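The next block holds one structure in the form of C-alpha cells; read it before the comments.
Since the model is a prediction, treat every value here as computed from it, not as a measurement. In each ligand, atom 1 is the first atom listed, and ligand 1 is the first ligand listed.
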Amino acid sequence: MRRKRLYEGKAKVLFEGPEPGTLVQYFKDDATAFNAEKRGTITGKGVLNNRISEFIMTRLNEVGIPTHFVRRLNMREQLVREVEIVPLEVVVRNVAAGQFAKRFKVDEGTPLPRAIVEYYYKSDELGDPLVTEEHITAFGWAAIQDLDEMVQMALRVNDYLSGLFRGCGLRLVDFKLEFGRLWEDEQMRLVLADEISPDSCRLWDVETGERMDKDRFRRDLGGVEEAYQEVARRLGVLPEAGPVDLKGPKSVQ
Ligand code: C5P
C-alpha cells in the first residue's frame, strides 16, 4: 500500500497513518552524527530500533508514562499517535560522557552527583544549541508548566530505564527524549515521542564498560551492528530472522 510521506528525518520517515490522528513511523538503517557531518548505514539498525523502541515505549506505557506509541506494524514500521513535536531535545545524564564531558572537561565515566537534565533547541541550522528555561519560555517553545512536566517525566523515565537496563547488564549513561503535544477534547497532553533506542541512549556494559550504542558509529569503534543486536538480545527482542532479513530496502517506497 502506498502511503503519503509526510516527513523524512535522518533515521526515520513518517507516513500518513491508516486513521486520522495516526502516523506510520518507518525506521531506516541510515545513521548520522555530529549534526549530519558524518553519515553512514548500520545494517539492520532500523529493524532493531523498531523492536527496542516498541519494547521500551510499551514498558513505559505500562508504568503510566504516556507515549505516542500505538503498536508495531511490521519489521520496520510502527503505528504512532500524531503529535505536535515540542522543538526540544531533553537530555538526562547520569554519568559524564559525550558533549558534557567535553564541555566541562570532566573525564568520561565520572558519575554525576545526581541526574542532570539539559535542554537543546532542535535546529539543524543552529546545531541544536544548549538552551535554558529562559530561552524556552521567551521564544515560546514550551510553557513553564509544560517544561516542569517534561522534567518530571524525564526523571521518571530515567529511574525506570536505569533499572530496566541494569537488569540486563547495561549502564544507562545518558539519553535523549522528545515530547509531543496530543490534543484530546480541547485538552493538551504531553507524551513521549520519537524513539528510545541505542541511537538515543548511551549504554555501557556493566562488566566491561564496553559501549553498546551509537558511539561505536560516531567514534569508528567497529562492531556497531553487533552492539545493537546485543542490546536487542539482552532485552529479549532480537528478531529470529538472520542478518539477511535485517537488510533494509535500497530506498523507502
Ligand atoms: O552528544 P551528547 O553527549 O549531548 O548526547 C547526550 C545523549 O543524547 C546521548 O545519549 C546521545 O545519544 C543523545 N542524543 C541524541 N540526539 C542528538 C543529540 C544527543 O539522541 N541530536
**Prompt:** Against heavy atoms of Asp128, which atoms of ligand 1 measure under 4.0 Å?
**Reply:** 21 (N)
**Request:** Provide, to 0.1 Å, the distance between atom 10 (O) of ligand 1 and the closest protein heavy atom, together with that atom's residue and name.
**Result:** Asp174 OD1, 2.6 Å
**Request:** Establish whether atom 17 (C) of ligand 1 and some protein heavy atom are separated by less than 4.0 angstrom.
**Result:** yes
**Asked** Asp215 side chain to Arg218 main-chain N or O, any donor-acceptor pair under 3.5 Å?
**Response** no
**Asked** So is Glu178 close enough to ligand 1, meaning a heavy atom under 4.0 angstrom away?
**Response** no
**Message:** Looking at Arg219, I want to see if its CZ is surrounded by more than 12 non-hydrogen atoms of other residues, nucleotides or ligands under 6.0 Å.
**Reply:** yes
**Asked** Got more than 12 heavy atoms from elsewhere within 6.0 Å of CG, Asn74?
**Response** yes
**Prompt:** Which residue owns the protein heavy atom closest to atom 5 (O) of ligand 1, what's the atom, and how far is it?
**Reply:** Arg202 NH1, 3.4 Å
**Request:** May I ask you to identify the nearest protein heavy atom to atom 1 (O) of ligand 1, giving residue, atom name and distance to one decimal place in Å?
**Result:** Gln99 CG, 3.3 Å
**Item:** Side-chain ion pair, Arg51 and Glu54, N-O less than 4.0 Å
**Value:** no
**NZ/NE/NH1/NH2 to OD/OE distance under 4.0 Å, Lys12 and Asp194** = yes
**Asked** Is Asp199 near ligand 1, meaning one of its heavy atoms is under 4.0 Å from it?
**Response** yes
**Request:** With heavy atoms of Gly98 as the reference, note each atom of ligand 1 found under 4.0 Å away.
**Result:** 3 (O)
**Item:** Protein contact to atom 8 (O) of ligand 1 [nearest heavy atom, distance to 0.1 Å]
**Value:** Lys176 CB, 3.5 Å
**Request:** Give a yes/no on ligand 1: does Glu118 have at least one heavy atom closer than 4.0 angstrom to it?
**Result:** no
**Prompt:** Charged N to carboxylate O under 4.0 angstrom, Asp174 versus Arg202?
**Reply:** yes
**Message:** Could you check whether Asp30 pairs with Lys10 (Lys NZ or Arg NE/NH1/NH2 to Asp/Glu carboxylate O, under 4.0 Å)?
**Reply:** no
**Asked** So is Glu89 close enough to ligand 1, meaning a heavy atom under 4.0 angstrom away?
**Response** yes
**Prompt:** Can you tell me if NZ on Lys102 sees more than 12 non-hydrogen neighbours from other groups inside 6.0 Å?
**Reply:** no
**Item:** Test salt bridge (charged side-chain N to carboxylate O under 4.0 Å, His left out) applied to Arg189 - qualifying residues, sequence neighbours left out
**Value:** Glu184
**Prompt:** In terms of residue, atom name and distance, what is the protein heavy atom nearest to atom 4 (O) of ligand 1?
**Reply:** Arg93 NH2, 2.7 Å
**Which residue and heavy atom of the protein sit nearest atom 11 (C) of ligand 1, plus the separation** = Arg218 NH2, 3.5 Å
